[in-house]
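Some notes on the structure that comes next.
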Amino acid sequence: MAERAALITGGSSGIGLAIARTLGEEGYALTIAARRPEKLERAAEELRGAGYEVHAVAAQLGEEEEVVRAVREHRERWGRMDALVNNAGFGFGAALDQNPTKRIDMQLAINLRATVIATREALPLLREAGAEHGKALIVNMSSLTGKAGQPWLSVYSATKAGVIGFSQATQREVAGQGIQVTALCPGWVDTPMSDFVKEHITPEEMLRPQDIAEAVRFLLR
């Protein structure tokens with residue numbers, strides 16, 4: 001059994017992969033979960049090449065049973081969970097009256113519902129880690145849009161506001177159990193998800209995925 005282990009959703013690229021690298025540097029065995037098997041395996045091989053222990057789970061995180069399976073596979077592989085990073089996300093920019101229901105449902109399912117389900121499923125393991133060393137960590141990826149709703153990102157903003165509220169409530173619920181819950185709320189980050197604004201905001205003006213990963217490193221310490 002690993003001395004420390006972490007599950008990162010949306011771990012095949014961008015912020016999630018940067019966080020996985022950082023957790024690997026900190027000595028964590030890793031489970032990365034994402035929906036595209038080939039891309040996920042490339043990320044896993046990169047992490048293994050850096051000397052980290054990695055288990056990859058291809059999963060459609062908008063589906064309850066797939067989230068449950070990801071947590072189950074992590075438990076079966078590593079036997080413990082010291083950090084859960086709910087990073088998987090999906091955004092769709094459009095005027096509210098041009099938002100198709102399918103895109104609304106995807107944002108609700110991946111950004112918010114999956115975070116709730118993964119946390120629910122992981123809590124027994126996180127409680128065990130918290131009781132052992134007093135520093136189990138849940139990191140939920142929110143956004144500045146969750147603190148101040150943005151036009152043309154109304155549904156995305158709503159899901160990210162939900163992540164903040166869920167994180168606050170969860171922290172109060174697990175207070176005294178050695179579990180720390182944090183919602184990170186970055187602005188624009190230089191990832192493909194931000195490509196649609198890069199003609200207005202240059203990549204040099206954006207945060208880098210590694211900046212977010214360093215925030216997670218700070219939380220670990």
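E73 pairs with exactly one of R69, R75, R77 by the side-chain hydrogen bond (donor to acceptor under 3.5 Å, both in side chains) rule, that one being R69.
Minimum heavy-atom separation, G11 to A43: O-CB, 4.2 Å.
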Name every donor-acceptor pair, under 3.5 Å, that has one atom in a side chain of residues 176-185 and the other anywhere in the protein, sequence neighbours excluded.
| from | atom 1 | to | atom 2 | distance (Å) |
| --- | --- | --- | --- | --- |
| Q177 | OE1 | R127 | NE | 2.6 |
| Q180 | OE1 | K135 | NZ | 2.5 |

Counting only pairs under 3.5 Å, give me each side-chain donor-acceptor contact of residues 159-166, with atom names and distances, residues two or more places apart or in other chains.
| from | atom 1 | to | atom 2 | distance (Å) |
| --- | --- | --- | --- | --- |
| T159 | OG1 | N111 | ND2 | 3.2 |
| T159 | OG1 | Y156 | O | 2.7 |
| K160 | NZ | M141 | O | 2.9 |

Only distances under 3.5 Å count here; give the side-chain donor-acceptor pairs of residues 14-28 to other protein atoms, sequence neighbours excluded, each with its distance to 0.1 Å.
| from | atom 1 | to | atom 2 | distance (Å) |
| --- | --- | --- | --- | --- |
| R21 | NE | E46 | OE2 | 2.8 |
| R21 | NH2 | E46 | OE2 | 2.7 |
| T22 | OG1 | A18 | O | 3.2 |
| T22 | OG1 | Q210 | NE2 | 3.3 |
| E25 | OE1 | R217 | NH1 | 3.3 |
| E25 | OE1 | R217 | NH2 | 2.7 |
| E26 | OE2 | R217 | NH1 | 2.8 |
| E26 | OE2 | R221 | NH2 | 2.6 |

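Side chains of N140 and T115: a donor-acceptor N/O pair is absent below 3.5 angstrom, by distance only.
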**Study point:** Candidate pair D211 and R208, rule salt bridge (charged side-chain N to carboxylate O under 4.0 Å, His left out), full reasoning
**Key:** CA-CA 5 Å; D211 296 326; R208 300 167 303 143; 2.7 Å; yes

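For the pair N86 and L84, the minimum side-chain heavy-atom distance is below 4.5 Å. Between L137 and D82 the shortest side-chain heavy-atom distance does not fall below 4.5 Å. Between V57 and I32 there is no side-chain heavy-atom pair separated by less than 4.5 Å. Side-chain atoms of K39 and S13, non-hydrogen and from C-beta on, do get closer than 4.5 Å to each other.
For E173, the CD atom is loosely surrounded, since the number of other residues' heavy atoms within 6.0 Å does not exceed 12. Around atom CZ of R36, no more than 12 heavy atoms belonging to other residues, nucleotides or ligands sit under 6.0 Å away.
Listed for the Q107 side chain is a donor-acceptor partner under 3.5 Å among the backbone atoms of R103.
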